[in-house]
Protein chains: 2
Amino acid sequence: MRLEELKQHIRDVPNFPKEGIIFKDISTLLKNKNAFKKSIDVLGDKYERDRLDYVVGVEARGFIFGAALAYRLGVGFIPIRKKGKLPYKTKSVTYQLEYGSDTLEIHEDALHKGARVLVVDDLLATGGTIKAVVDLLKHLNATVVGVAFLIELQFLKGKDKLKDLPIHSIIQY
Amino acid sequence: MRLEELKQHIRDVPNFPKEGIIFKDISTLLKNKNAFKKSIDVLGDKYERDRLDYVVGVEARGFIFGAALAYRLGVGFIPIRKKGKLPYKTKSVTYQLEYGSDTLEIHEDALHKGARVLVVDDLLATGGTIKAVVDLLKHLNATVVGVAFLIELQFLKGKDKLKDLPIHSIIQY
């Protein structure tokens, strides 16, 4: 499968999660074995020479791409989870959403100082979540080598919020 | 890494999620590249001749093992999610927990009739969640080839609830 074909496997679902939003459904890509494999291999090829220690995935869809990519790269996987889900001592970050706020957590011993990490999530929209994740990782003195997304919604200008970071996406709208 | 060594990478966290429970923390296994790879390869070797169409993973920790295993096997990945998270039309199942109930969903067009699937989750405890997942898959006329767990808590006798299913776990307590 060619990289350009991946976009055909994303399904538009109108009015989800609310009226007026067109949701990019990745489940149709995941269930296609060639599209799923291609999306992981593209990222694997890109980052395999970056001497990564870990791939960091954000709950929940980031776990799907993050874990498969960690396996492909032969590195460890670190989950960042919603508040209250990780069992051990955590560091947390609270960030603003359009309405209200959300909190993400990482185990305080998840990684060593200077660990080279790649952050993976399915979708870059406004960038708020990923900015919070990167702040959390810097707080633990990790080195964020890159931030990778399956999809980037360029019209939401998330990259502006993450301008010091090397961002990569596979599919753009 | 030998299979017997995987257990050393599971951390016991006392009193999580509530007093008196000893939680099996898998994050310490995930972050160890050799242990994570071994856990996926063991399952990959076991199921690679079963002509699977899909690996099905249960939100959220099941996404980690399920997606990496789907990649390893070269098959598609299907997520089963908590209520309200999947964007397209769904089939749902509600099942009893110790206190209250929970609902899981799958896209109604997630798979074709007769599709050969492997269900993956991190932990088999009482088996209630997995029984609900298997019921959901049978409702969509899938063929459940197997159910695989990283960890099985044998003293909770989850296998008794799933007795017609070929269950496999890597680590037992």
Side-chain angles (χ1 to χ4, degrees), chain A residues 11-17 21-37 39-41 44 52-57 59-79 81-82 84-89 106-107 109-112 115, chain B residues 11-17 21-37 39-41 44 52-57 59-79 81-82 84-89 106-107 109-112 115:
Chain A
R11 170 166 58 184
D12 282 353
V13 180
N15 303 317
F16 185 89
I21 305 275
I22 298 172
F23 190 86
K24 297 296 178 190
D25 179 10
I26 60 165
S27 72
T28 36
L29 180 146
L30 296 173
K31 75 189 239 192
N32 181 294
K33 64 183 179 184
N34 296 320
F36 179 49
K37 179 171 164 43
S39 65
I40 300 302
D41 285 341
L52 294 174
D53 293 304
Y54 303 108
V55 170
V56 174
E59 183 171 7
R61 288 189 299 263
F63 286 4
I64 298 172
F65 294 97
L69 183 57
Y71 178 79
R72 159 68 172 77
L73 290 167
V75 303
F77 176 73
I78 295 175
R81 300 207 63 179
K82 315 278 190 197
K85 296 286 188 179
L86 288 170
Y88 194 66
K89 291 174 228 167
I106 191 170
H107 274 152
D109 65 349
L111 42 80
H112 55 278
Chain B
R11 170 166 59 185
D12 281 353
V13 180
N15 303 315
F16 185 89
I21 305 276
I22 297 172
F23 190 85
K24 297 297 178 190
D25 179 11
I26 61 165
S27 72
T28 36
L29 180 147
L30 296 173
K31 76 189 241 191
N32 181 295
K33 64 182 179 184
N34 297 319
F36 178 49
K37 180 172 164 43
S39 65
I40 299 303
D41 285 340
L52 294 174
D53 293 304
Y54 303 109
V55 170
V56 173
E59 183 172 8
R61 288 188 300 262
F63 286 6
I64 299 172
F65 293 98
L69 183 57
Y71 178 80
R72 160 67 173 77
L73 290 168
V75 303
F77 176 75
I78 296 176
R81 301 207 63 179
K82 315 277 190 198
K85 296 285 187 178
L86 287 170
Y88 194 65
K89 291 174 229 165
I106 190 170
H107 274 153
D109 65 349
L111 42 80
H112 55 278

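Everything quoted here is computed from the prediction, not taken from an experiment. Just so it is clear: chains get the letters A, B, ... in the order the sequence lines come, proteins before strands, and each one is counted from 1.
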So which of A:F36, A:F23, A:F65, A:Y71 has the biggest tally of heavy-atom pairs under 4.5 Å with chain B?
-> A:Y71

Please identify each residue that fulfils side-chain hydrogen bond (donor to acceptor under 3.5 Å, both in side chains) with A:D53, with sequence neighbours left out.
-> none

Check: A:R81 and A:H107 side chains under 4.5 Å, non-hydrogen atoms | no

Approximate separation, where rounding is to 0.5 Å, of A:L30 CG and A:R61 CZ = 10.0 Å

What option among B:I64, B:L111, B:N34, B:L86 has the most heavy-atom pairs under 4.5 Å with chain A?
-> B:I64

Turns out that what part of A:D109 lies under 4.5 Å from chain B's heavy atoms comes down to both

Closest non-hydrogen atom pair between B:F63 and A:A60, with its separation = CD2-O, 3.4 Å

So which part of A:A110 gets closer than 4.5 Å to some heavy atom of chain B, the side chain, the backbone, both or neither?
-> backbone

Atom group of A:F16 that falls short of 4.5 Å from chain B, counting heavy atoms = side chain

Side chain, backbone, both or neither: which part of B:L29 has a non-hydrogen atom closer than 4.5 Å to chain A?
-> neither

Can you tell which part of A:L73 gets under 4.5 Å to a heavy atom of chain B, answering side chain, backbone, both or neither?
-> neither

Taking atom NZ of A:K24 as the centre, does the number of heavy atoms from other residues, nucleotides or ligands within less than 6.0 Å exceed 12?
-> yes

State which residues pass side-chain hydrogen bond (donor to acceptor under 3.5 Å, both in side chains) with A:K37; sequence neighbours excluded, sorted by chain then number.
-> A:D41

For A:R72, is it the side chain, the backbone, both or neither that has a heavy atom under 4.5 Å from a heavy atom of chain B?
-> both

In terms of heavy-atom contacts, A:G76 and A:A70 come closest through O-CB, 3.8 Å

A:F77 versus chain B, heavy atoms under 4.5 Å apart: side chain, backbone, both or neither?
-> both

Chain B shares the most heavy-atom pairs under 4.5 Å, among A:T28, A:I40, A:I78, A:V55, with A:I40

